[in-house]
2 protein chains.
Amino acid sequence: MPDQRDTPIRILIVDDHPVVVAGLASMLGTQPGIEVVGSASSGEEALELLRTTPADLLLLDLRMPGMNGIDTLHAMRSSKITKRAIVLTSFEADEDIYRAVQAGAQGYLLKDACQTEMIEAIRAVHGGTRYFPRDIAARLAERMMRTDLTARELEVLHMLARGLTNKEIGSALDISGNTVRNHVNSIIEKLEVSDRTEAATTAILRGIIETHG
Amino acid sequence: MPDQRDTPIRILIVDDHPVVVAGLASMLGTQPGIEVVGSASSGEEALELLRTTPADLLLLDLRMPGMNGIDTLHAMRSSKITKRAIVLTSFEADEDIYRAVQAGAQGYLLKDACQTEMIEAIRAVHGGTRYFPRDIAARLAERMMRTDLTARELEVLHMLARGLTNKEIGSALDISGNTVRNHVNSIIEKLEVSDRTEAATTAILRGIIETHG
DNA sequence: TCCATCCTCAACCCATGGATGAAGCTTGCC
DNA sequence: GGCAAGCTTCATCCATGGGTTGAGGATGGA
């Protein structure tokens, strides 16, 4: 365990909400052993900032306009930039959690977390341990059990949720309405729901479908 | 217009996210003419605090565990407590906006608002003017044009979104499946969607249905 | 090569959506 | 009281859509 006075944990905050940035800075800035070295309001800005600002750990918002948290993690991996990262978001949609972990996040915090929990998570992740609240870990485990939807099924799911019929989806994808039915059935089975309507609502609630637009 | 130095606007923050409370306090606390006199993490706590702490304006989170923002506004109205209130939330679901205004909120801010906008909103609402961002105002106007769903239709909508068939809904409500069909048709018409599936997703996206549980 | 997965298609049967009609009920207004 | 309006209830007919099942072809990894 590193001496906190000699080597403070350098944190970069990435969030498009000014309130959250200010709140994190104020909650963490006064903590011994923790130093907020910068903040960015988007993934692009964060990557740019990382070129000049040495940081140990990212506090990363998932849903941001433009390059979101997942995109940012992937971009970092592509650029061989390896920083530890904690995803900090308002949502506990299990698809979000799953994708964050897949993209390389070592921790996942909800924005209703208290100061103590945040600091605990930061120290844990900086020390090399993963950190997930109990509910989040449970959701993650549950998600791990499920099969991913295929690319085709995701296309169908998006259209289905917008109220298109199988025939309309078929026309849009240039396949038969019968085939669309099979994709829908596969979706229903994988999501463990009873019909297309529940598939749509479940997809939104689990974060499989974007709710913005 | 009151002299800012003599009569600062006394603000009470109500939000269950410690980060947001800290952020607002840090963003607003240093502003001339604005004073944050307290914070509460729930509606109940806010009402309790209002007994002893004089405040001019509430910054109120909509979605909180227990008594939420709308409930709090209603409770204040019942208790003849008239405070100006700005609802501050992450969501721009038009049903949320509509209900907030119906409950007596004079302003609606998204949490991605910048410091300037927040201060502008606070000064406007304290001065007696309503404040709504352009998008929000548009959504509100659109919502105003629509007809409210009846209590029965809301019941049906909830079950529909959980994937129940008309017959199953009928059994649960102890009415005929035919009747449920009529309710569903009415829902589809009022929401201006094409089928039950889009009705369900639209209900979630517009905030008609709670997404927690 | 073999197996698994994905995408594709088709046919059967039931559920759903749309259009009406109508009855009992409460609410509120004249 | 009497009347109108709205909500809830139930019904029928009909066209369409959707859930189930079975099955073939393509692809890719073991």
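Convention: sequence-line order gives letters A, B, ...; per-chain numbering from 1. Only a predicted model underlies this, so the values are computations on that prediction, with no experimental measurement involved.
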Please confirm whether the backbone N or O of B:Leu50 pairs with a side-chain atom of B:Thr53, one donor and one acceptor, at under 3.5 Å?
-> no

Polar-atom pairs under 3.5 Å, protein N or O versus N or O of nucleotides 21-30 of chain D: list them with distances, or write none.
residue : atom : partner  : partner atom : Å
D:dG22  : O6   : A:Asn182 : ND2          : 2.7

Rounded to whole Å, the CG-P distance (A:Asn178 to C:dC12) equals 12 Å

Residues 103-121 of chain B side chain polar contacts: donor-acceptor under 3.5 Å, at least two apart:
residue  : atom : partner  : partner atom : Å
B:Gln106 : OE1  : B:Ala85  : N            : 2.9
B:Gln106 : NE2  : B:Gly104 : O            : 3.2
B:Tyr108 : OH   : B:Phe91  : O            : 3.2
B:Lys111 : NZ   : B:Asp15  : OD2          : 3.2
B:Gln115 : NE2  : B:Met27  : O            : 2.7
B:Glu117 : OE2  : B:Tyr131 : OH           : 3.4

Side-chain N or O of B:His183 less than 4.0 angstrom from OP1 or OP2 on D:dT9?
-> yes

Is the NZ atom of A:Lys167 crowded by more than 12 outside heavy atoms at less than 6.0 Å?
-> no

Helical bend (five base pairs per end, nearest 10°) for the helix from C:dT1-D:dA30 to C:dC30-D:dG1 | 40°

Nearest-angstrom distance from the residue atom CD of A:Glu189 to P of C:dT5 | 12 Å

Just wondering, are more than 12 heavy atoms of other shown residues or ligands nearer than 6.0 Å to CD in B:Glu189?
-> no

When the nearest nucleotide of DNA chain D is assigned to B:Val180 and to A:Asn166 on a heavy-atom basis, which residue is associated with the more 5' position?
-> B:Val180

Protein-nucleotide distance (A:Leu154, atom CG; C:dC6, atom P), rounded to Å = 12 Å

Per the atom types in the model, does the base of C:dG17 pair as donor or acceptor with the side chain of B:Arg181 at under 3.5 Å?
-> yes

Does A:Lys190 or A:Asp174 map to a spot on DNA chain C nearer the 5' end, using the closest nucleotide for each?
-> A:Lys190

A:Asp195 has its side chain closest, among C:dG18, D:dG19, C:dC9, to D:dG19

Any idea which of D:dA11, C:dC7, C:dA10 is nearest the A:Ser176 side chain?
-> C:dA10

Could you give the CD-to-P distance, from B:Glu153 to D:dT9, as a whole number of Å?
-> 10 Å

